[in-house]
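One structure is given below, encoded as structure tokens.
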Amino acid sequence: MDFNRDVEISREEEGVISVLSPPSMGTMQIAGSNGFGHSIEFMSQAYTTNQEGNSEIIIEEEYLSTNQDGLLPIFLKFEDVTFKVRSIPASSKNPVKVMMSKVASQLHMDGEHYKPILKGITGSIGPGEILALMGPSGSGKTTLLKILGGRLHENVKGTVTYNDIAYNPALKRRIGFVTQDDLLLPQLTVEETLVFAAFLRLPSNMSKQQKYVRVDMIIKELGLERCRSTRIGGAFVKGISGGERKRTSIGYEILVDPSLLLLDEPTSGLDSTSANRLLRILQGIAKAGRTIITTIHQPSSRMFHMFDKLLLISEGYPVYYGKARESMQYFSSLRFVPEIAMNPAEFLLDLTTGQVNDISLPEDLRTPRGSLEFEKDIIKYLQLKFKVAIEPKEKASHRVTKAPEHLQSAVQVKKDWTMTWWDQFFILSKRTFKERCRDYFDKLRLVQALGVAILLGLLWWKSTTGTEAQLRDQVKFLKPVEIL
Ligand SMILES: Nc1ncnc2c1ncn2[C@@H]1O[C@H](COP(=O)(O)OP(=O)(O)OP(=O)(O)O)[C@@H](O)[C@H]1O
């Protein structure tokens, strides 16, 4: 496992025999739980070997004490991750059969109708790094992201460890997840959104002032100063731009200092300049000691070079895992070489779909171009090469590198964020009240309500209620009022 830009070596554990690689010095910005950043010195490639012959990453005491309740370095390893979903046979159109099949699968009575989604994914990532998950639509990127974030457990096989410890509920507060579709409230401003989130999600032992300072710091870090007082907006409310919206969602998550940040398509819908800017921000967030994993569709070549690691998935199988900048070299060593100038991401995605026009092919790939099996064979070829050339090395590196014991125990300790039920109720009520008031007193809505009121008033205007029939007619008009 490549723990580049790792943390300091110097703590001498019992049983440690020797330092394997000479560490190199650097500086790292760490955001502490109190909302202030810390600049600390660090040395990279920090491994030692203990008596069992395992390599271990050692971190200086000072580093741990600085971040006791804040940023904890997380080294994530995943091995042979598979996931399948229960599927109902498409041929079955009979609703009774479909229902029976559903009931049977609920009761775990059928073992056959499963559709494999992920088929043995292996890799690792450490603090300070960004891992990009790339692959065609439907290849399983989001599913893998959910598994790594501890959001999907059922029907998952393989191992996922955080500092060599399996997922446990204490990790929930150390993992941030930015989904494709955010849940921001349209009527609140960017600043209000983050302030409410700070009051809801930051530890109760932080003072109000510290929470405001933290929000201010996030706004500056994410370049949201210009739009801090602009409403988020939505379908009917004009608001901030798409890029600002994505950055606000990221701010919402990094507010609580997650050690592991997972992002699902953070650049979708953004122009290349905004996407670039967002990735630069993510780079800064990673450099502060966080581990970042992001799914991405088709990054520009500039963006592609900002990733430290790349995991390429095709139909649920891995076809490349390693340093992003070495991916082209790997495929050219397999004799897949672009014949014209190509964006690396475009070239890699072409390979994962088996559409290899303008790409020269290895000689041992015998299927002729244009044949029915051609695309499938390309994908199979790449999957096989991964199994032989990449997977064994990565697995071996998982065996020999171990996170130090104090980091292993730290991931099992829950961050203390005790907030009373009443406090939560109060903050949520205040937020809802503000949101609803703005919504109801929105100018457009007021004009709309006034228009409808005048129209309805006209229905009864100058009408008489002398007879029973006239009275019945008036009651009939109540129906459209009910609908409106
Ligand atoms: N719970 C589920 N039930 C049935 N099928 C599922 C389920 N979850 C995922 N899938 C299927 O698994 C495949 C992978 O889905 P996933 O969302 O991970 O793909 P993706 O690579 O993130 O795609 P995109 O880039 O379009 O977001 C898809 O074919 C999807 O339909």
Side-chain angles (χ1 to χ4, degrees), residues 76 78 80-92 98-99 101-106 108 110-123 125 130-158 160 175 177-183 242 246 249-250 261-270 275 278-279 292-300 303-304 307 309-321 324 327 343-355 375-376 379 382-383 386:
L76 178 66
F78 43 98
D80 292 327
V81 174
T82 62
F83 171 70
K84 52 189 178 179
V85 285
R86 287 200 191 96
S87 66
I88 296 152
S91 54
S92 181
V98 171
M99 183 62 80
S101 169
K102 270 188 186 170
V103 172
S105 65
Q106 291 284 324
H108 302 279
D110 65 341
E112 281 160 26
H113 305 305
Y114 281 99
K115 177 182 159 197
I117 305 291
L118 294 176
K119 302 157 188 168
I121 312 270
T122 298
I125 174 90
I130 304 182
L131 167 69
L133 305 182
M134 260 174 63
S137 186
S139 55
K141 303 179 294 291
T142 307
T143 309
L144 179 63
L145 203 67
K146 283 187 193 161
I147 294 171
L148 299 181
R151 294 187 164 206
L152 197 57
H153 300 283
E154 210 186 333
N155 296 324
V156 176
K157 288 211 174 106
V160 181
I175 301 177
F177 202 109
V178 181
T179 51
Q180 263 187 56
D181 306 307
D182 61 65
L183 297 167
K246 296 270 179 196
S249 300
I250 293 171
L261 184 63
L262 307 166
L263 304 107
D264 196 7
E265 305 277 352
T267 57
S268 69
L270 300 186
L278 189 80
L279 263 192
I292 296 190
I293 307 179
T294 177
T295 66
I296 196 125
H297 253 292
Q298 199 150 9
S300 66
M303 279 162 67
F304 181 79
F307 299 126
K309 284 186 174 170
L310 172 71
L311 175 57
L312 207 56
I313 307 175
S314 170
E315 296 177 357
Y317 286 102
V319 291
Y320 177 77
Y321 163 77
S327 53
N343 166 355
E346 194 186 345
F347 167 73
L348 297 172
L349 280 178
D350 279 357
L351 288 182
T352 55
T353 49
Q355 288 172 10
E375 287 176 7
K376 280 208 164 110
I379 297 170
L382 293 173
Q383 288 162 358
F386 177 90

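Because the structure is predicted, anything quoted here is derived from the model rather than measured. Whatever order the structure lists ligands and atoms in, that order sets their numbers, starting from 1.
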Check residues 134-145 and write down every donor-acceptor pair under 3.5 Å in which the side-chain atom is one partner and the other belongs to a residue at least two apart or another chain.
{"from": "S139", "atom 1": "OG", "to": "P136", "atom 2": "O", "distance (Å)": "2.7"}
{"from": "K141", "atom 1": "NZ", "to": "G135", "atom 2": "O", "distance (Å)": "3.0"}
{"from": "K141", "atom 1": "NZ", "to": "P136", "atom 2": "O", "distance (Å)": "3.1"}
{"from": "T142", "atom 1": "OG1", "to": "D264", "atom 2": "OD1", "distance (Å)": "3.3"}
{"from": "T142", "atom 1": "OG1", "to": "D264", "atom 2": "OD2", "distance (Å)": "3.3"}

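For a threshold of 3.5 Å applied to N or O pairs, the pair formed by G140 and ligand 1 contains at least one separation below that value. Every N/O-N/O distance between I117 and ligand 1 stays at or above 3.5 Å.
Protein heavy atoms come within 4.0 Å of atom 4 (C) of ligand 1.
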Derivation and outcome, side chain to side chain contact (heavy atoms under 4.5 Å, CB included), residues F83 and I147: CA-CA 9 Å; F83 171 70; I147 294 171; 3.9 Å; yes
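Put simply, the side chain of T122 gets close to the backbone of D80: a donor and an acceptor are under 3.5 Å apart. Side-chain atoms of T267 do not come within 3.5 Å of backbone N or O of L270 as any donor-acceptor pair.
Here the closest heavy-atom approach between residue L76 and residue I293 is recorded as CD2-CD1, 3.4 Å. Considering all non-hydrogen atoms of both residues, N343 and S300 come closest at ND2-CA, 3.8 Å.
With respect to atom 26 (O) of ligand 1, the closest heavy atom belonging to the protein is S137 OG, 2.5 Å. Considering only non-hydrogen protein atoms, atom 23 (O) of ligand 1 sits nearest to G138 N, 2.9 Å. At the top of the distance list for atom 22 (O) of ligand 1, counting protein heavy atoms only, stands T142 OG1, 2.6 Å.
Heavy atoms of V85 found under 4.0 angstrom from ligand 1 belong exclusively to the side chain.
Of the candidates L145, T143, I147, T143 brings a heavy atom nearest to atom 16 (P) of ligand 1. Nearest to atom 25 (O) of ligand 1 by heavy atom, out of K115, R86, K141, K84, is K141.
Taking the side-chain hydrogen bond (donor to acceptor under 3.5 Å, both in side chains) definition, one finds that N155 meets it with nothing, sequence neighbours left out.
Less than 4.0 angstrom separates some heavy atom of Q180 from each of these atoms of ligand 1: 27 (O).
Residue K146 places its NZ atom among 12 or fewer non-hydrogen atoms of other residues, nucleotides or ligands, all under 6.0 Å distant.
Under a 4.0 angstrom heavy-atom cut-off, E265 registers as being in contact with ligand 1.
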